[in-house]
Amino acid sequence: MFLYSQFRFRSVWTGVSLIGSAAILISMSVYLDSTRTADFLLEKGPVREHPVWITAFYFHLVSAAVCLAVGPLLMVMRLIRVRRLHAVLGYLYLNSVLWIAAPTGLLISPTAKFGLLSAIGFVLTGLAWWATSWAGYAAIRRDDVPAHVRWMIRSYSIALSAVWFRVVHLVLSPQWWGWTEETNYVASVWISSLISLWVAERAVKKIYPTSSSWTEWLSVLGLVPRTSVSNLSWKEN
Amino acid sequence: MSKFLCVPCIVSLFVFAAVAMVRGSQDHTRTGEFASVSRQSTNRLAELPAAELMSVEEANAAILDGWPAGSRVAIFSRRLTTTNLSAEAHWYQANDSQSTDPATGLVGQLVVMAIPQPREIKEAEPQTRSSQLQQLPVYVDRTSRKILIHADGQWQPYQDWLAIELPKLKKLTGLEV
């Protein structure tokens with residue numbers, strides 16, 4: 001996968017991402033079972049009866065599934081070279097993130113388990129997902145391929161925070177470490193987001209480095225002019 | 001922003017609003033754990049025979065049978081004044097227990113009373129040490145027969161919780177050395 005192409009043990013990283021994505025997609029079937037209410041929804045209490053919340057939840061579920069399914073196909077070099085296919089898949093991914101998955105994720109974030117800390121983590125991840133996807137779209141609109149690649153790597157990496165969250169949550173299980181489930185959950189939210197950002201920045205640095213990733217992040221927020229971000233040499237192989 | 005993004009944006013907004021409005025207009029008088037499923041699927045569930053739904057008696061048995069057999073009674077007897085672990089289940093919707101409506105889940109409370117033995121208190125974890133009386137919400141999904149308990153800030157399968165907590169309580173109360 002393009003995202004991990006310059007990583008050591010890239011097949012392991014790719015395997016974890018693909019298997020994790022597939023596991024999430026399969027586990028989503030529990031929410032489509034009309035004969036029982038999923039534990040996640042039971043935990044939410046009365047808020048799950050709110051029409052806006054439950055609609056946002058199911059929209060998030062379906063659109064995130066699209067992102068996780070389409071994302072890997074956008075990161076395979078051979079498929080990227082088939083421009084038409086890449087454009088169609090990219091269109092699907094981009095619209096899913098920008099108009100459904102990220103906004104609905106932000107809508108349901110405030111009701112995250114264990115309160116404010118995890119809610120803030122989800123909100124920041126959602127905002128970063130939206131911003132990176134939009135920046136990727138804006139870059140390709142102005143034919144700035146290096147910037148497009150960088151931002152879409154970041155966007156897909158953030159999408160994979162769903163996978164990292166489950167992995168970290170499993171690794172930090174209270175059964176093994178003796179802390180509370182709350183500590184585990186909140187830590188998993190933040191650590192998974194940090195892993196996503198770290199993976200993205202490492203990939204960017206290896207594949208399409210810029211003069212400064214910080215400047216590029218600030219440019220998407222409009223805090224510095226985009227012209228201050230310069231591309232360095234491309235290291236694709 | 002190009003029309004290629006504008007159109008999906010507007011369509012997504014309209015579809016979201018439409019679905020939310022439809023859900024909002026659905027019957028909200030129903031309570032219980034199946035309220036969030038669609039009316040169509042609820043009607044299908046209502047056709048299930050009553051025998052397939054878990055009764056209060058079955059739920060009681062499933063919840064309390066895991067506890068030391070004599071402890072619920074013995075705590076009140078003169079003979080065993082030092083027996084100090086009891087568990088009771090109280091149901092909030094006992095009147096609905098015979099209902100064949102699968103939307104009626106059983107909601108109740110597990111009341112656990114544990115009197116720690118002095119020699120065990122020192123070894124116990126701080127939160128266990130002080131938990132002499134616990135009232136924990138319990139939910140029984142009558143259709144799937146799944147029992148959930150609300151403990152440690154989250155809903156969790158009752159049997160999982162019991163497997164962890166009961167040995168601790170037994171040790172704390174001197175029932176198991």
Side-chain angles (χ1 to χ4, degrees), chain A residues 30-60 62-63 87-88 90-92 94-104 107 113-115 133-134 137-138 140-141 174-175 178-186, chain B residues 1-2 4-28 30-45 48 52 102-103 105 125 127 137 139 141-146 148-157 160 164:
Chain A
V30 73
Y31 298 106
L32 306 176
D33 180 359
S34 60
T35 60
R36 63 180 295 273
T37 310
D39 291 353
F40 177 81
L41 292 174
L42 283 176
E43 286 170 358
K44 292 295 167 194
V47 74
R48 72 171 180 277
E49 304 294 343
H50 196 284
V52 173
W53 191 93
I54 195 71
T55 307
F57 173 75
Y58 276 105
F59 270 58
H60 182 72
V62 174
S63 54
V88 171
Y91 180 73
L92 198 61
L94 199 62
N95 282 301
S96 296
V97 177
L98 291 179
W99 312 131
I100 312 178
T104 52
L107 264 177
K113 222 162 136 178
F114 297 121
S133 306
W134 177 259
Y137 162 73
I140 201 64
R141 286 282 293 173
Q175 270 182 310
W179 46 51
T180 62
E181 173 56 22
E182 181 175 359
T183 308
N184 180 16
Y185 193 88
V186 173
Chain B
M1 188 166 71
S2 78
F4 292 108
L5 281 190
C6 238
V7 173
C9 174
I10 294 166
V11 170
S12 303
L13 269 174
F14 273 107
V15 173
F16 183 91
V19 173
M21 280 173 70
V22 168
R23 289 205 75 108
S25 63
Q26 280 179 347
D27 182 13
H28 278 283
R30 185 188 296 279
T31 56
E33 294 309 317
F34 283 88
S36 61
V37 304
S38 69
R39 188 175 301 179
Q40 194 178 13
S41 60
T42 307
N43 287 341
R44 188 173 64 74
L45 281 168
L48 285 170
E52 290 182 20
E125 297 163 15
Q127 65 266 33
Y139 175 76
D141 185 332
R142 299 181 66 202
T143 310
S144 68
R145 295 168 176 259
K146 188 167 184 176
L148 298 175
I149 188 162
H150 195 269
D152 301 328
Q154 62 171 333
W155 287 100
Q156 44 188 299
D160 293 355
I164 296 170

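Letters A, B, ... mirror the listed sequences (proteins, then strands); counts begin at 1. Here the structure is a predicted model, which means the values were calculated and not measured.
Residue Thr104(A) touches chain B through its side chain alone, counting heavy-atom pairs closer than 4.5 Å. When heavy atoms are compared at a cutoff of 4.5 Å, Val15(B) approaches chain A by way of both its backbone and its side chain. With a threshold of 4.5 angstrom between heavy atoms, Ala56(A) approaches chain B through its backbone and through its side chain. In this structure, chain B has no heavy atom under 4.5 Å from any part of Tyr185(A).
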Worksheet entry | Derivation and outcome, side-chain contact (heavy atoms from CB on, under 4.5 Å), residues Val19(B) and Tyr58(A) | CA-CA 10 Å; Val19(B) 173; Tyr58(A) 276 105; over 6 Å; no

Discussion item. Is there a side-chain contact (heavy atoms from CB on, under 4.5 Å) between Asp152(B) and Glu181(A)? Walk through the geometry before answering.
Written reply: CA-CA 8 Å; Asp152(B) 301 328; Glu181(A) 173 56 22; 5.8 Å; no

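For the side-chain contact (heavy atoms from CB on, under 4.5 Å) test, residues two or more places apart in sequence or in another chain that qualify with Leu92(A) are Val66(A), Val70(A). Applying the ring pair (Phe, Tyr, Trp, His ring centres under 6.0 Å) rule to Phe57(A) yields the partners Tyr31(A), Phe40(A), Trp53(A); only residues at least two apart in sequence or on another chain are considered.
A distance-only check finds a donor-acceptor pair linking the side chain of Trp99(A) to the backbone of Leu5(B) [under 3.5 Å].
Val52(A) and Phe16(B) get closest at one heavy-atom pair: O-CZ, 3.8 Å.
Ranking Ala20(B), Ser12(B), Ala17(B) against chain A, the residue ahead of the rest is Ala20(B), based on heavy-atom pairs under 4.5 Å.
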